[in-house]
Number of protein chains: 2
Amino acid sequence: MILIDYKDSRPIYEQIFDKLRLLILNGALKADEKMPSVRTMAMELSINPNTIQRSYSELERQGYIYTVKGRGNFVSDIGKLREEYRKEIFNRLDEVCASAGNAGITGEELIEHIRGGGKQ
Amino acid sequence: MILIDYKDSRPIYEQIFDKLRLLILNGALKADEKMPSVRTMAMELSINPNTIQRSYSELERQGYIYTVKGRGNFVSDIGKLREEYRKEIFNRLDEVCASAGNAGITGEELIEHIRGGGKQ
DNA sequence: TAAGTGTACTAGCTCACCTAGTACACTTAA
DNA sequence: TTAAGTGTACTAGGTGAGCTAGTACACTTA
């Protein structure tokens, strides 16, 4: 379900957060579906339950999941969050455009790259 | 010349590296121009000389500047490096495209954003 | 000779990240 | 009722990155 990249400089809890968020956003995890328990996922990934807990806390804080004490964590019914994520993507795109501009790369070149061989 | 953003989670030496590299790439610092000395820049930015040294070392390692002991650091005559940087930009663009795809955003939407209000 | 330069150390501090362990309230199923 | 599984909240400690402080030395230039 999830793979940790120890060569990645980003912290583990953040990697897990990102991957779970993506699974929720693209529908692989559906609304009201039960998430793996903190302890279960910690066992599977061979890391500390506290680290998973931290990922889950952030997912809950941002509204991607909700918690029922004693039962578990469940996927939220997303809505506005999709729009939030879209904004995040476009912000990242803006940053790339800005860097490109400083390097003398035109918008048309970026567009050509997207149309051409760019991974999509 | 340079401003450190302490709200930025990225390390200081990396911020300085990025900004100096950009000044070199866009021609604000020209070939064979003398860079500020390690100690001078450390004074100006009120940080430790070792931190500047680390930025300079990385700039030299990647070929953006060259060092003459006892005299100082000087801007290299770039060439291949511009192409390297272009690749880096396009790689970042590819990552955005990949994230966009996972979120259901099409390439055309990204293009529209670049053409429209995207910062350039 | 003195000032300025890069460079290379050692030492220590702080903080983020992660692990280990314990404890407690809750829910569910046997 | 009981046992197992759940989230949650602690404390304690290890590790490493990042940064500072200080010192030292070889080099260049005025």
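To find a chain, count down the sequence lines: A is the first, B the second, and so on, and within it residues start at 1.
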> Under the ring pair (Phe, Tyr, Trp, His ring centres under 6.0 Å) test, which residues partner B:F90, sequence neighbours left out?
Replying inline: A:H113
>> Restricting to non-hydrogen atoms, name the atom on B:K30 and the atom on B:V75 that form the minimum distance, rounded to 0.1 Å.
In response: O-CB, 3.2 Å
> Applying the 4.5 Å side-chain criterion to the ILVMFWY set and letting contacts propagate, would B:F74 and B:L81 be lumped into a single cluster?
Replying inline: no
>> Could you check whether atom CG of B:D18 has more than 12 heavy atoms from other residues, nucleotides or ligands sitting under 6.0 Å from it?
In response: yes
>> If I take atom OH in residue A:Y56 and atom P in nucleotide D:dA9, what distance separates them, rounded to the nearest angstrom?
In response: 16 Å
> Under the 4.5 Å side-chain heavy-atom rule for ILVMFWY, direct or indirect, which residues accompany A:L3?
Replying inline: none
Table of protein N/O atoms under 3.5 Å from nucleotides 15-20 of chain C N/O atoms:
from	atom 1	to	atom 2	distance (Å)
C:dC17	OP2	A:R54	NH2	3.0
C:dC18	OP1	A:I12	N	2.3
C:dT19	OP2	A:N48	N	3.0
C:dT19	OP2	A:T51	OG1	2.8
C:dA20	N7	A:N48	ND2	3.3
C:dA20	N6	A:N50	ND2	2.9

>> With the threshold set at under 4.0 Å for non-hydrogen atoms, list the residues of residues 62-74 of chain A touching DNA chain D in residue-number order.
In response: A:T67, A:G70, A:R71, A:G72, A:N73
> What closest approach, in Å, do B:M41 and B:P36 show between heavy atoms, and which atom pair accounts for it?
Replying inline: CE-CG, 3.6 Å
> What integer distance in Å separates B:R61:CZ from C:dT7:P?
Replying inline: 15 Å
> Using 4.0 Å as the upper bound for N to carboxylate O, is an ion pair formed by B:R86 and A:E109?
Replying inline: yes
> How does DNA chain D read in dot-bracket, base by base from 5' to 3', with Watson-Crick or G-U pairs under 3.5 Å and | used when the partner is on another strand?
Replying inline: ||||||||||||||||||||||||||||||
>> Can you tell whether the side chains of A:E95 and A:R92 come within less than 4.0 Å, N to carboxylate O?
In response: no
> Are side-chain N/O atoms of A:Y85 and B:N102 paired as donor and acceptor at under 3.5 Å?
Replying inline: no
> Can a donor-acceptor pair be found between the side chains of A:D32 and A:Y66 at a distance below 3.5 Å?
Replying inline: yes
> Should B:V68 and B:L29 be counted in the same cluster of Ile, Leu, Val, Met, Phe, Trp and Tyr side chains packed under 4.5 Å apart?
Replying inline: no
> For B:D8 and D:dC19, what is the distance between atoms CG and P respectively, to the nearest whole Å?
Replying inline: 11 Å
>> Check this for me: does any side-chain nitrogen of one of B:E108 and A:R115 sit under 4.0 Å from a carboxylate oxygen of the other?
In response: yes
>> Measure CD1/B:I52 against P/D:dA21 and give the value in whole Å, please.
In response: 13 Å
> Can you name the closest pair of heavy atoms from A:D77 and A:A31 and give their distance?
Replying inline: CA-CB, 4.1 Å
>> Heavy atoms within less than 4.0 Å of DNA chain C: which residues of residues 31-45 of chain A have one? Give them sorted by number.
In response: A:R39
